[in-house]
Amino acid sequence: MKNIVVVGAGLSGAVIARLFAEKGFSVKVVEKRDTIAGNTYDYIDENGIRIQKYGPHIFHTNNKQVFEFLSQYTEWEKYEHRVLGNINGKLVPVPFNLTSLKETHSKEDAEKIEEILLKEIGFGKKVPILQLKQHSEPLIREFAEFVYQNVFYTYTKKQWGFKPEELGSEVMNRVPVYVSTEDRYFTDEYQYQPTDGFTTMVQNILNHPNISVELGVDALQHVTFEQNKIAYDNDTNIDLIFTGRLDELLNYAFEPLPYRSLNFVFETHNTDSYQPAAVVNYTTSEDFTRISEFTKFCCKPTDKTVIVKEYSKQCEEGDIPYYPIPKQEYQSQYEKYLNEANKFDNLYLLGRLANYKYINMDIAVDLAIKLFEKIINN
Ligand code: UDP
């Protein structure tokens, strides 16, 4: 039986480590940071408030297998995420819905637009903004232009440095326009937050006698390449599952892959509530994209509250790469690295960074399960 080395103790790495451990494999998980759970890492601050150090993480899925897998390692608290958009100082539901329509238009205009949306698109439908902009009805196109300008354009430029149409369509598809009064950010069947936080959940996933976790270790100092094998501490009789940056693993053999990074500015306020929703997106103003208020994510109310403002920036040396940038040209660039990685038959790539894919936590878990099954059935 080969030993397994997993590079990265984030959600993806932890899940696949656990699956191998359950099958009797000896698994070493090596993590550069001093903490587990990757960017889902959270902790309780001095006021008893759970802080998500690397920004807001909300769990939601339609995948029963993923939900049941994680449910072995955490209790859940029901949590339905709601977001408001700050449009020139007015707070309206995002995704933009029929309520947002009424709050941003005169009664007469809102009624006209609603009528044509119901007739042409249908109640309950969710439409991506770029699709709505192409609609054959001029009034719908005009409405779409309003939403595009006031919800998507500025926010997207801040977040990605690109206009909505310059990105892969999957980005705008994440936040469609709702032809209904649905005001939840997600409509998935399972919407919960782990009762004791993500770190505890990942800790429980990793807690298995066949798993050893080494924190504060840079795996790249231990990795070498030998013809068609990757070695860890000179051992090639392993399978290595890598969840970090592929360009870094391959020593930047080609152009570095572009990522977006974030600066987080945390503030503690002496009030029990800072804003009327867990997240407010600043869609027309400010340099930051959004403000998240952690006490609204599920924690017990206190007389203090903690918020975080997110400033997005190009990822430079020393920055944390949070988001791969979903653009065709970068995907082609990634594929060059992928071809190189495929030369090593005991190397497997997993997770948002290594797969260069803008994925949610549930997809990360699903991909970990699928990769495990693929390796084990090989
Ligand atoms: N988006 C936007 N305005 C909003 C919300 C989202 O333009 O009010 C766009 C933006 O490009 C963003 C993308 O939709 O990056 C996906 O939004 P989501 O909230 O899913 O981003 P995440 O939480 O993953 O950062």
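For the single chain, residues carry numbers from 1 onward in sequence order. In listed order, ligands and their atoms are each counted from 1. It should be emphasised that the depicted structure is a prediction, and the values quoted were computed from it without experimental measurement.
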- Task: Taking atom NZ of Lys313 as the centre, report whether more than 12 heavy atoms of other residues, nucleotides or ligands fall under 6.0 Å from it.
- Result: yes
- Task: For Lys157, look at atom NZ and say whether over 12 heavy atoms of other residues, nucleotides or ligands are found less than 6.0 Å away.
- Result: yes
- Phe20 to Ile241 - nearest heavy-atom pair and separation: CE1-CD1, 3.6 Å
- Task: Answer yes if the side chains of Asp319 and Ser261 hold a donor-acceptor pair under 3.5 Å, and no otherwise.
- Result: no
- Query: Taking atom types as modelled and ignoring hydrogens, do the side chains of Lys343 and Asn228 form a donor-acceptor contact shorter than 3.5 angstrom?
  - Reply: no
- Establish whether Val151 and Val92 are linked, either directly or via other cluster members, by ILVMFWY side-chain heavy-atom contacts under 4.5 Å. yes
- Residues with a heavy atom under 4.0 Å from ligand 1, by chain and number, are Val94, Val151, Phe152, Tyr155, Thr156, Gln159, Trp160, Val171, Met172, Arg174, Val175, Tyr185, Asn281, Thr283, Arg290, Tyr323, Tyr358
